[in-house]
Visitor: 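One structure coming up, written as structure tokens, with questions to follow.
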Amino acid sequence: MKWVHIHIEGMVQGVGFRPFVYKLANWLNIKGWVCNGVAGVQIEAGGSPEQIEMFKYLLTDDAPVESNITHFYSEDIAERNAEDFQIVESDSTGSPTLLITPDLGLCDHCRAEISNSQNSRYNYPFTTCTHCGPRYSIMQALPYDRPLTTMDEFKMCESCQQEYNNPYDRRHFSQTNSCPACTIPVRLLDNQGIELASTWNEALNELVRKLEAERLLQ
Ligand SMILES: [Zn+2]
Ligand SMILES: [Zn+2]
């Protein structure tokens, strides 16, 4: 069995990169782990020489469209003990060389969900997934992981947590995950700090009303 350490630099966090690596490793029957660090994504992978070659090839060839790989390093390492492939805790040691991921516009899947009255995220303004949503504007430190973003104080409901844990869900390891059941609170305040609305639904409706009224006045 051959083992390699792979270090990938570039825009590789907040774009579904770890879930992608996880799925690819499982598909190729690769053992080891992947983790986010301040210098990019680190992987230790073990398999037959052919599996490892294929893994390395597909890591760059099949990478998520929102990612941008600037450097790809691979070196042979001693054999490790691993039963399976895992996504492990982020590592915040070292000096940051990571390219920061920008905020990503709503993807087609999420747009379809918020437009569908049968969907639990119908009209939900904070609908996101590993392909879309805020990144740069919510980051407080590197690497990009929920505890280091402004999402830290919001706890996922059971259903969001299930999506987060499911390797076959597009919200697998989605750090911005939330839904109406575990909503991000929204309030609308006037310029005196007086609360005009206390739910996102009321706040958005009130905001639209005010903007329209303003336009009518002009
Ligand atoms: Zn999305
Ligand atoms: Zn939820």
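Both ligands and their constituent atoms are indexed starting at 1 by order of listing. Since we're looking at a predicted model, the values are computed, not measured.
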Visitor: Given F126 and W200, is the ring-ring contact (aromatic ring centres under 6.0 Å, His included) satisfied, shown in steps?
Guide: CA-CA 10 Å; F126 302 111; W200 53 263; 7.7 Å; no
Visitor: If you leave out waters, which protein N, O or S atoms are less than 2.8 Å from the Zn ion (ligand 1)?
Guide: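 The answer is C107 SG, C110 SG, C129 SG, C132 SG.
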Visitor: With no hydrogens and no angle check, is any side-chain donor or acceptor of T149 less than 3.5 Å from a backbone partner on M151?
Guide: yes
Visitor: Please enumerate all residues that pass salt bridge (Lys or Arg N to Asp or Glu O under 4.0 Å) together with E44, with sequence neighbours excluded.
Guide: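 So E44 forms a salt bridge (Lys or Arg N to Asp or Glu O under 4.0 Å) with R80.
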Visitor: I'd like to check the side chain to side chain donor-acceptor pair (under 3.5 Å) partners of N81; sequence neighbours left out, ordered by chain and number.
Guide: none
Visitor: Does the E9 side chain pair with the main chain of G40, one donor and one acceptor, at a distance under 3.5 Å?
Guide: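 Such a contact is absent between E9 side chain and G40 backbone.
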Visitor: Over 60° means perpendicular and under 30° means parallel, so tell me whether F17 and F20 are parallel, tilted or perpendicular.
Guide: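 Rings of F17 and F20: perpendicular, as their planes differ by over 60°.
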Visitor: Does atom CD (E89) have a neighbourhood of more than 12 heavy atoms from anything else shown, all under 6.0 Å?
Guide: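 At most 12 heavy atoms, drawn from other residues, nucleotides or ligands, come within 6.0 Å of this atom.
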Visitor: May I have the step-by-step check of side chain to side chain donor-acceptor pair (under 3.5 Å) for H172 and E163, ending in yes or no?
Guide: CA-CA 6 Å; H172 184 215; E163 293 173 330; over 6 Å; no
Visitor: With a 4.0 Å cut-off, would you call D76 and K2 a salt bridge?
Guide: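 A salt bridge links D76 with K2.
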Visitor: What count do you get for protein N, O or S atoms closer to the Zn ion (ligand 2) than 2.8 Å?
Guide: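 With waters ignored, the protein N/O/S count below 2.8 Å is 4.
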